[in-house]
Every structure is written in C-alpha cells, then in structure tokens.
Number of protein chains: 4
Amino acid sequence: MQADNRPLRADARRNRQRILEAARQAFAAEGRAVSLDEIARRAHVGPGTLYRHFPTKEALFEAIIQERLRSLIEQARAARTAADPAEALFTTIDATVADAQAKAELIDALTGAGIDVQSTVAAMTAEFRQEMARLLTRAQEHGTVRRDVGIAEVMALLGGVILALRGRPALPGMNPERALSVLRDGLRSPASAPATFEPGVHQPSPGQEAG
Amino acid sequence: MQADNRPLRADARRNRQRILEAARQAFAAEGRAVSLDEIARRAHVGPGTLYRHFPTKEALFEAIIQERLRSLIEQARAARTAADPAEALFTTIDATVADAQAKAELIDALTGAGIDVQSTVAAMTAEFRQEMARLLTRAQEHGTVRRDVGIAEVMALLGGVILALRGRPALPGMNPERALSVLRDGLRSPASAPATFEPGVHQPSPGQEAG
Amino acid sequence: MQADNRPLRADARRNRQRILEAARQAFAAEGRAVSLDEIARRAHVGPGTLYRHFPTKEALFEAIIQERLRSLIEQARAARTAADPAEALFTTIDATVADAQAKAELIDALTGAGIDVQSTVAAMTAEFRQEMARLLTRAQEHGTVRRDVGIAEVMALLGGVILALRGRPALPGMNPERALSVLRDGLRSPASAPATFEPGVHQPSPGQEAG
Amino acid sequence: MQADNRPLRADARRNRQRILEAARQAFAAEGRAVSLDEIARRAHVGPGTLYRHFPTKEALFEAIIQERLRSLIEQARAARTAADPAEALFTTIDATVADAQAKAELIDALTGAGIDVQSTVAAMTAEFRQEMARLLTRAQEHGTVRRDVGIAEVMALLGGVILALRGRPALPGMNPERALSVLRDGLRSPASAPATFEPGVHQPSPGQEAG
DNA sequence: GATGAATGAGCATTCATTCAT
DNA sequence: AATGAATGAATGCTCATTCAT
C-alpha cells in the first residue's frame, strides 16, 4: 500500500514520460481528436497503462496543457517587473506565440474548444489571463498602450494569431513576426512612437499577390 | 451518380437544398464533428440520399464552405472600386468577421483544421485571398496602410480574430468591434490618422482585470 | 423519412427477429452477462445493426423480458375467472415456473438484479404482481389459502423456486413438481385438505441421502 | 506459491486475513461482480499480493464460500442430536437463511451462478446438503415431515427463499419469517399440527394488493 | 514475500459508408 | 431517384492476470 506521495517507480516514471511525450506530439499534430489507442501505440504501452496514469482522455489532455500553461504563466509573471511595461507585454505576447506555434492542443485550450470548464485547465487559463491583464494595465498606466482595449480583446487576438500560425496548409509566406507587429502597433497609444514599424524591412509575402 | 450535365430532377434539387440547409446549420453549430445521420435527420432525408448528393462527408463540408467563400469573394470584389482603399479593406475585413462569426465550419476551413487540401475549397480560399490582396495593395499604394505587411499576415490575423470570436466558452467581455479596431489600427500607416481609436469610448472588459 | 409507424422493412424485420432469438437464447443461457458482440455474432449481424434496433444493452434486455412478462400477465389474467380460486393461483404459479425455468433473464428481472427501476420492465413486473395478488386475494376470501401471507411472500417464494430450478449444476434429483407442492401445501389453509400431498408417490431424490 | 506445508510468515498470514475480510464484505455487498482491484484496495494490499494468496478470482471466491459453508455445516451437524427432529430441520433452515441474507456471494454459490464446479466448493455444498438430508430423514422418520419430498427439493426451496430475500430492489413488504413459515408448513406432515400458522398475526404486505 | 505497474483482450457504443428494397 | 437498414472498423474505457522492482 502506498502512503500517497511516494515517488513513482522507475518504470512507471519512464512510461509516464513516454505517454506524455507521445501525447504531446499527437495532440500537437492533430489536436484533441487523436485516439488514445494511437497515443498508447506511439508510447509503446498498453491502453491499460495509459489509463492507469490518466483515467480519462480529458485528464491526459489537461496534463499536457497544464505543463504548457504553467510555463507561460511563469514568463508572464517574470515580465511584471520589467522596466518598459509595453515591451513587457509585447515580449510576453511574442513568447506565447512562439511557444504555442505548432501546438494544436494549446490552441484548443485557449479557444476553449469543447472544454469542460470546471477543470484545472480553466483555472490555469484564468491565471494566465490575469497575469496578462496585469501587464496590460501596467502598460496602459504608463501611457504606451491604448486604454480602450481590455484583456478580453488582447487574449482573443493573441489566440487568433496563434491559431492562424497553425493553419494547415501553413499559410504561405506568413511571417509571425510581422503579424505580431500589426497586433503590437494596433495596441500602441497614438502618442507613443510605433517601435515595430520599419517600412524598409518589407519583404512581401510570396504568391497570390494582386496583379 | 450523374456523370453528364442533365439538370437535376425537381425532387432531387429540392433534396439537395434541404441537405445543404441542414448541413449549414449543423456545421455552424457544431463544426465538422456533427454526424451525417444527424444532418440527414435534420434535412428529413435518408442518409442514402445524402450520400447520393455528396459521396463523402468531406464533399458535403466542402460544398458548404464553397457557398460561403463565394459570397465573401463577391463582397471583396465589389469593394475593389470603392473610393477609399483603406476603408474598402477594413470594411471587407469587418464583413468577413461578421459573416464568419458563429459559423464554425468557416473557421474550420480558414484555419484548415483537418482538411485534405487538394480540394476546390483550397482554390476558392486562394481566390478570396487574392481579392483581399488586391484590396490590401490598393490601400498600401494609396498610403493609408503600412507597407511592411503582406496578405499572408492579414489573412492570418483575420482568421485569428474570427476564431477568437467563437471561443467556447465565449471569452467573457470580448468585444469584436474593439478587437477589430486593434487590427485596423495596427494595419494603418503611421502617417494616417487612426480612425478607430476613440479613447473616450473605453468600456473595460469585465472580470479578471489586474489588481 | 418515415412517418413513424410504418411496418418494418422485410430485412429489418428478419434481422430484428434474429437478434431477439439470439438474445433470448444468450440471456437464457448466461443471464444479463452476455456481451452484445456475442449476441450479434449469434444473430449473424453486425454490432451496428443490433444497435440500430436496440440502442442500449438494457433496451435489448428489456425487450426480451417484456415479451415474457406479457405472456405471464395474460395467463394470470385468464386465471382470474376460474371456478376454484386456489387452483387458479396454484396453476398460475406452476405455469410461471414452467415458463421461467432455464430462462436466466427472467430470473434476473424477477429478482431485480441490477435493474434500473424506472423502466417498462419494472412496470410490467408490477402488473404481473398485481394480477397474482388478485388471484391470491380471491383464494384467501374463498378460504382455501391461508390469510397470513401477502403477495410479497408469494412472489418471493415463487422467484426463489424459479431460481432454484436453474441452479447450475442443476440440483441433482430435483423435481420441480414436488418443490412446488411444498409451496402449495404451505400456502393452503389448515382447514382445506392438502390436494397435492400424495405419500405413495414418493420417489426419493437420488444421491447424497443420509446413511 | 508455496508447495509444501511450511506455516505462513506472520505478515503473510495477516495479509491473508485482511484480504479475506475485504473480500467477504465486497462480495456480500456486490456479489461476484466486484473487481479484484477493489478488493485489494479495501484490504490495503497490492493486487499482486492478492494474487499470491489466491491465484484466481474464482479461488478467492471459493475461499469465502468455504468458510461460510463450513459454519453452516457445523450448525447442521450440531442439530442432528436435537430432541425434536422437525424443529431441528426447521431451525437449521432458519439459521441458513439468516446467515445468507445479505450475503450475495453465498447466494451466487448456492444457485451456482456462473460457477466452475470442479471445485472444493462443490464438495462442501454436497457435505452441507448431506447434513441437511440427515436432518430431513430423521424428521420424516419421526413422522413430522412429509415423506414425499427429498433433500433436493428442500435445498432448492431454501436457496430460493434466500435469493428472494436479496431481490434488489428489495421486494416491498416481504417478510422473511412469513415466507419461511410457508416453507415449513408445506414441509409438515398433514397429521402434525401446523406450528407456525397463526392467522391472527396477519400483517398484509403493503402496496400492489388486488382491488 | 510484497508491491503496484503493465498488459491486452474485451466491452458497449458510434458512425461513415454501402447496399437491398 | 429515394430510402433507411446493414456493416464493421474504431473509440474510450475496464479489469483479470502477469511481472519488474
């Protein structure tokens, strides 16, 4: 009998890692639609083992999301003390996008696709949101970010950009940096100089341009 | 299945319309996850009939997307002759968002969620994209829209905003207009006055604001 | 589209019968523990077909029980007008035992093993019980059946005898008639002559008798 | 596994007892349907340990049944020397019922639900049966119990009453004493006065009585 | 000898697709 | 041409049994 917090046995830990890794990849590639059997197969593990570690598909999904969200929250929290509030906000947005790119499951989480909202994930998403809200408020008080947008819009646009980055087929010619700069400049106060707009740098998206 | 081009029998045409209407509603409500039986039931039609008109779930899905894209393309094309190029672009963006909001299937299409892309849909998406590119180029030549973004980024952001609007549970306090205004202002040339930024209007998003 | 009460198509009816027959046999042999796949296999039918006809294991189970209970109810109702009330009761008891013998599923139903009680089966069981109660009351008023037992005890004993008959391995030397005669004589009023007790007939159960 | 007869180590013996106790409770509550993991958990023991002591679910089940049967056999054997043979039989019947009530697993055993019968349990059941047969014979020779029933019928009826007592949902209004009195009176010789029939005591079963 | 993790066949159920009527 | 029944592979999950630690 186990007194509840003993560390996992070696093989269990190994399997747990394998499952998580397989799930990470699978969810990243397909979103929450992958079958558990598929994940088990990728992890070289029986479905029962998977079940032992994560009693529900939802549980596994949440575990994956949680690690990701936890790291995003850390970053946001760290940015709270940065000297330039606007830069702090923008940097965190950039980091989030970079992290989430190509991770279908995070998108599913941020956009709430089919999530049972009582979950830990909901709580962590809220926590992330709140950290972001703090950054936003600070930047607004500092005068560098326009005051007429709230955290809801920022998160929506952020989720949107992330999702857009994953469009399959990848939108040809799409440059995440440039997309983000639009978001950043749109958020800036008219007073403050647009830091990211650099007309010279323009490198037109290939294909489909108008004739 | 009909290889030649004989016009459809009257009842066949009626059924096709019913199926499309039912599918439109069903996909709009649930995304591509709805079962074909469900759609057939809503259309008051047997699944066999559905199959006769659309040999694959994908085929039906595409048909729906196509009509929607066709209408968006029309709008974009119409805007091409408008007096103010920037306004033409922005208006079309607004229209797209308005149209797509609450239509889960369009989001699935624009974001490419699980789509086999050899299809007509890909072609029409490209066409839509090209119309938008024309609007963008015109606005950039007119000087009202920054020159360092390409159509790829605009489409990405657009898709993103649309998706964000459908987040379930709906992001609390999210105001589509305000989110779009960020996108618009981010796209504007620094020279041109920001038309949508109205500091006084600010109505903060409820909940989760930083303390 | 079907206006709901059209008769079943020929093949559907045939399959439905095959499924019911297979289920009857399977449930009779194993009780509610048989797997649906097993039943489908016996019926030479895909699991999906089974599902189409009975959306739940419970639904199939209930269908089987219902036909059986319906017939028992008929019998009990018919006996209501018999000349000798005690004989009416006893005869119906006999018939029930004869019908239920070797039908594990009826036992499951009568003993309520794992039944969701809101069901039609519960209602029909109650109806059967009520018919039996009528027979009992009549026999008691007539003076031939002792007045200190209620329908609850009669049904319990009845279910018990039925179950006992199914003991696997079949209890060696067990004679249903003789077991029933004990039940009958136990139910009789002391005044009325025991009709079933016939000392001469005694045929001792083989095996295990004391030495 | 231990092939010789070395006494068990202290902890092994303790674990064995814990497992048996947990299994007793679990089987009593749910019948043979409980999972072994559940039993192991209740016993504060790993499933592997359980397996070491009982190589099969069936083996554990049998062990439980055996202890119960052993005690019933004792009782029957003790009753063999009682002054009044009929009373000895009836008392033992009563005791059996009392013991078995609410012990789902004994019922499963007595009714043979899904049992592979090569087992020790079969032997002990036979032994119990033989003790009961002795009581029956003695009572018949004494003239107080009718001679046309054998031990097979008595055991069948006995198992039946036990099972009836456990009907879930419990048969409403069912009074075990009254049910047993029917069994007793049915067994009595016509000559001997019915000891248990007491017309005045009648307390009708609630519900469902005929109108 | 104890532990609890691993296994994998099995279960009820779903649904895109095919086919008899 | 329409219908709706049939199909069967697949899904998420369970659990008796086996095995590494």
Side-chain angles (χ1 to χ4, degrees), chain A residues 1-2 6 8-16 33-40 44-58 60, chain B residues 1-2 8-15 33-41 44-58 60, chain C residues 1-2 6 8-16 33-40 44-58 60, chain D residues 1-2 8-12 15 33-41 44-58 60:
Chain A
M1 198 47 181
Q2 172 150 343
R6 219 117 43 82
L8 280 174
R9 231 167 64 180
D11 56 346
R13 203 167 53 246
R14 195 172 51 246
N15 272 336
R16 184 168 231 275
V34 249
S35 88
L36 291 191
D37 280 17
E38 172 62 23
I39 293 177
H44 300 290
V45 140
T49 302
L50 199 159
Y51 175 68
R52 159 173 281 267
H53 288 283
F54 305 96
T56 301
K57 189 181 192 177
E58 216 47 38
L60 174 55
Chain B
M1 200 54 160
Q2 168 167 339
L8 284 171
R9 239 168 58 178
D11 55 348
R13 209 169 47 247
R14 194 172 54 248
N15 273 337
V34 251
S35 85
L36 291 190
D37 278 17
E38 173 63 23
I39 294 177
R41 207 172 313 120
H44 300 289
V45 142
T49 303
L50 196 159
Y51 177 69
R52 159 167 285 269
H53 288 283
F54 306 95
T56 296
K57 190 182 193 178
E58 217 47 40
L60 173 56
Chain C
M1 201 44 179
Q2 170 151 341
R6 223 127 26 92
L8 280 173
R9 232 167 64 180
D11 56 347
R13 204 168 52 246
R14 196 171 51 248
N15 272 336
R16 184 167 231 275
V34 250
S35 86
L36 291 191
D37 278 18
E38 173 62 23
I39 294 177
H44 300 290
V45 141
T49 302
L50 198 159
Y51 175 69
R52 160 171 281 268
H53 288 283
F54 305 95
T56 300
K57 188 181 194 177
E58 216 47 38
L60 174 55
Chain D
M1 200 53 159
Q2 169 166 339
L8 284 172
R9 237 167 59 179
D11 56 346
N15 272 338
V34 251
S35 85
L36 291 190
D37 278 18
E38 172 64 22
I39 294 177
R41 207 173 312 122
H44 301 289
V45 141
T49 303
L50 196 160
Y51 177 68
R52 159 167 285 269
H53 288 283
F54 305 95
T56 297
K57 189 182 194 180
E58 217 47 40
L60 174 56

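Letters A, B, ... are given to chains in the order of the sequence lines, protein chains preceding strands, and every chain is numbered from 1. Just so it is clear, the model here is predicted, and its values are computed rather than measured.
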NE2/C:His53 to CG/C:Leu60 distance, rounded to the nearest 0.5 angstrom?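 So the gap between those two atoms works out to 11.0 Å.
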Between CZ of B:Arg41 and CD1 of B:Ile39, what distance do you get to the nearest 0.5 Å? 10.5 Å
Using every non-hydrogen atom in the two residues, find where [X] and [Y] come nearest and quote the distance to one decimal.
| X | Y | answer |
| --- | --- | --- |
| C:Val34 | C:Lys57 | O-NZ, 2.8 Å |
| A:Asn15 | A:Val45 | OD1-CG2, 3.4 Å |
| A:Asp37 | A:Pro47 | OD1-CB, 4.1 Å |

With a 4.5 Å cut-off on side-chain heavy atoms, are A:Arg14 and A:Asp11 touching?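 Side-chain contact under 4.5 Å: yes.
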From the options [options], select the nucleotide whose nearest atom is closest to the side chain of [X].
| X | options | value |
| --- | --- | --- |
| A:Pro47 | F:dT17, F:dC13, E:dT7 | F:dC13 |
| C:Ala12 | F:dA6, F:dT7, F:dT3 | F:dA6 |
| A:Leu36 | E:dA6, F:dA2, F:dC13 | F:dC13 |
| A:Thr56 | F:dC13, E:dA6, F:dA16 | F:dC13 |

Taking for each residue the nucleotide of DNA chain F bearing the nearest heavy atom, is the 5' side occupied by D:Gly48 or by C:Asp37? C:Asp37
Does [N] have its OP1 or OP2 closer than 4.0 Å to a side-chain nitrogen or oxygen of [X]?
| X | N | answer |
| --- | --- | --- |
| B:Asn15 | F:dA2 | yes |
| C:Ser35 | E:dC11 | yes |
| A:Tyr51 | F:dT14 | yes |

Could you state the [atom1]-[atom2] distance from [X] to [N], rounded to the nearest angstrom?
| X | N | atom1 | atom2 | value |
| --- | --- | --- | --- | --- |
| B:Arg41 | F:dA2 | CZ | P | 20 Å |
| C:His53 | F:dT7 | NE2 | P | 9 Å |
| C:Arg16 | F:dA6 | CZ | P | 11 Å |
| A:Asp11 | E:dT3 | CG | C1' | 11 Å |
| B:Lys57 | E:dT14 | NZ | C1' | 11 Å |
| D:Leu50 | F:dT18 | CG | P | 13 Å |
| D:Arg52 | F:dC19 | CZ | C1' | 12 Å |
| A:Ile39 | F:dT11 | CD1 | P | 11 Å |

Hey, which sits more toward the 5' end of DNA chain E by its nearest nucleotide, A:His44 or C:Val34? A:His44
Runs of at least three consecutive pairs that involve DNA chain F, where pairs are Watson-Crick or G-U with distances under 3.5 Å: E:2-21 with F:2-21
